[in-house]
S.K.: 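Shown below is the structure under consideration.
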2 protein chains.
Amino acid sequence: MPKLVDHEKKKKHIAEATWRVIVEQGMERVTVRNIAKEAGISLGSLRHYFSTQEELLSYSMNLVKDKVTARIMKIATQQLPLKEKALKMLLELVPTDKESMAEAEVWFTFIAYTRHKEQFDANQDGVFLGIQQLMQYLQQYNLLKTDIDLELETERLYAVIDGLALHAMLNPKRVNRDLAEKILVHHLEQICQV
Amino acid sequence: MPKLVDHEKKKKHIAEATWRVIVEQGMERVTVRNIAKEAGISLGSLRHYFSTQEELLSYSMNLVKDKVTARIMKIATQQLPLKEKALKMLLELVPTDKESMAEAEVWFTFIAYTRHKEQFDANQDGVFLGIQQLMQYLQQYNLLKTDIDLELETERLYAVIDGLALHAMLNPKRVNRDLAEKILVHHLEQICQV
DNA sequence: GTTTTATTAATACAACTGTATTATAAAATT
DNA sequence: AATTTTATAATACAGTTGTATTAATAAAAC
């Protein structure tokens with residue numbers, strides 16, 4: 001019987017090579033040949049795991065989403081004061097180290113790329129739904145100020161998060177972890193009860 | 001002597017065709033042939049105005065920047081109460097009609113594209129500098145609350161603006177002009193004196 | 001009307017693209 | 001050790017890319 005290779009492992013290896021190409025060279029250098037080279041395999045070998053480019057891109061993007069989701073969920077299941085937990089979860093969405101910055105870069109690049117491809121179900125609203133849920137949760141536990149407009153504050157927080165994420169990615173020197181944390185702590189203080 | 005064509009006008013016409021290709025088809029369809037077709041001219045004709053693709057892209061991007069800057073400056077020179085003026089200027093940065101949404105799309109696309117090309121001087125910090133100046137201005141005229149951290153609030157406002165801009169672009173139905181205005185009014189109320 | 005030059009169109013070229021096909025190498029079962 | 005199944009590699013192909021070259025066309029000044 002055949003030489004047996006861990007399929008899922010190899011696919012992840014190729015997806016990671018795809019990320020590296022995106023981060024280091026940009027989306028227009030994302031070619032099957034470039035990715036195969038970055039992954040250290042031949043073109044035919046890559047095609048053995050992904051028969052079309054669309055399939056490869058879709059897989060690579062979903063893997064980023066899964067990684068981020070896993071990190072958030074890990075925090076969500078921790079035993080922590082709710083406000084502290086909320087802060088940690090939100091901070092996880094602002095890229096402040098090499099790994100999460102690469103993820104953010106891949107994420108934004110894909111968003112821009114898939115906007116004009118209806119074959120991808122962009123699924124760009126995961127973060128919004130998460131923040132919406134978080135805000136509802138905070139309100140249910142009476143942690144929010146009573147006079148706030150929940151829908152408005154959800155959108156505002158969502159804007160702060162994605163804006164910070166974008167700026168941390170584009171200008172990591174100016175928008176570092178310290179600043180992001182200070183801003184989020186301050187913002188949460190403004191919408192939460194004392 | 002020769003046939004005389006308004007060079008700058010024609011270049012703008014081509015740049016606008018470039019924008020349309022970006023907005024409707026995405027960056028990976030931005031080819032000299034596609035753009036020439038969209039502009040209704042021949043490939044050779046396009047090359048007569050832009051001898052390289054890089055030149056064309058650089059020009060098209062700068063034109064977007066100029067358009068947005070002009071709109072903001074027009075508001076800046078209006079005779080208006082300062083807080084009202086600030087709101088109008090900030091709202092101008094959140095795309096809520098077809099034209100400004102196209103501009104935002106072009107802008108974000110270019111940012112993603114030029115990140116990996118050092119031959120473009122990305123010049124992405126224009127908005128940040130503008131908001132920084134606006135905040136300093138508000139403080140000088142004693143319109144800001146006295147106990148705020150100026151640097152922090154500048155970064156937060158900048159994040160809200162770019163986050164809103166991104167969301168308005170990606171989900172114009174949910175993040176429309178009404179919502180953007182409500183959020184900005186509310187945000188300014190929180191950092192301004194009563 | 002001729003001349004001069006800007007502008008346009010057409011074609012060519014090498015490099016690169018995604019995908020397809022074919023052949024070789026390797027490993028597990030018999 | 002022989003066989004069978006899978007993994008990898010090599011090569012091919014049609015289409016597209018940016019750029020270059022060439023010839024044709026347009027318009028304005030004399």
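Convention: sequence-line order gives letters A, B, ...; per-chain numbering from 1.
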S.K.: Run the ring pair (Phe, Tyr, Trp, His ring centres under 6.0 Å) test against Phe50(B) and tell me which residues pass, sequence neighbours left out.
M.R.: Tyr59(B)
S.K.: Round to a whole Å and report the spacing from CG of Asn34(B) to P of dG18(D).
M.R.: 9 Å
S.K.: Return a single string for nucleotides 18-24 of chain C, one symbol per nucleotide in 5' to 3' order, where B is base contact, S is sugar-phosphate-only contact and - is none, cutoff 4.0 angstrom on heavy atoms.
M.R.: BBB----
S.K.: Examine dA7(D): is either OP1 or OP2 under 4.0 Å from a nitrogen or oxygen in the side chain of Lys10(A)? Give yes or no.
M.R.: no
S.K.: CD1 of Ile14(B) versus C1' of dT8(C): gap in Å, rounded?
M.R.: 12 Å
S.K.: Quick one: sort the Tyr137(A) and Tyr141(A) rings into parallel, tilted or perpendicular, breaks at 30° and 60°.
M.R.: tilted
S.K.: Any salt bridge (Lys or Arg N to Asp or Glu O under 4.0 Å) pairs touching residues 84-97 of chain A, not counting sequence neighbours?
M.R.: Arg71(A)-Glu92(A)
S.K.: Below 4.0 angstrom, N of the basic side chain to O of the carboxylate: do Glu99(B) and Lys67(B) qualify?
M.R.: yes
S.K.: Looking at Phe108(B), does the NZ or CZ of Arg115(A) lie under 6.0 angstrom from its six-membered ring centre and within 45 degrees of the ring axis?
M.R.: no
S.K.: Counting just side-chain N and O atoms, does Ser42(B) come under 4.0 Å of either OP1 or OP2 of dT8(C)?
M.R.: no
S.K.: Looking at His48(A), does any N or O in its side chain come under 4.0 Å of the phosphate oxygens OP1/OP2 on dA7(D)?
M.R.: yes
S.K.: Write down the distance between NZ (Lys37(A)) and P (dA10(D)), rounded to a whole number of angstrom.
M.R.: 14 Å
S.K.: Taking all non-hydrogen atoms of both residues into account, name the closest pair between Ala15(A) and Leu63(A) and its distance.
M.R.: CB-CD2, 3.8 Å
S.K.: To the nearest angstrom, how far is His7(A) atom NE2 from dT6(D) atom P?
M.R.: 9 Å
S.K.: Check the phosphate of dA6(C) against Tyr49(B), side-chain N and O only, distance under 4.0 Å to OP1 or OP2. Yes or no?
M.R.: no
S.K.: Rounding to a whole Å, what distance do you find between Leu46(B):CG and dT8(C):P?
M.R.: 10 Å
S.K.: Figure out the CZ/C1' separation between Phe50(A) and dT8(D), and round it to whole Å.
M.R.: 16 Å
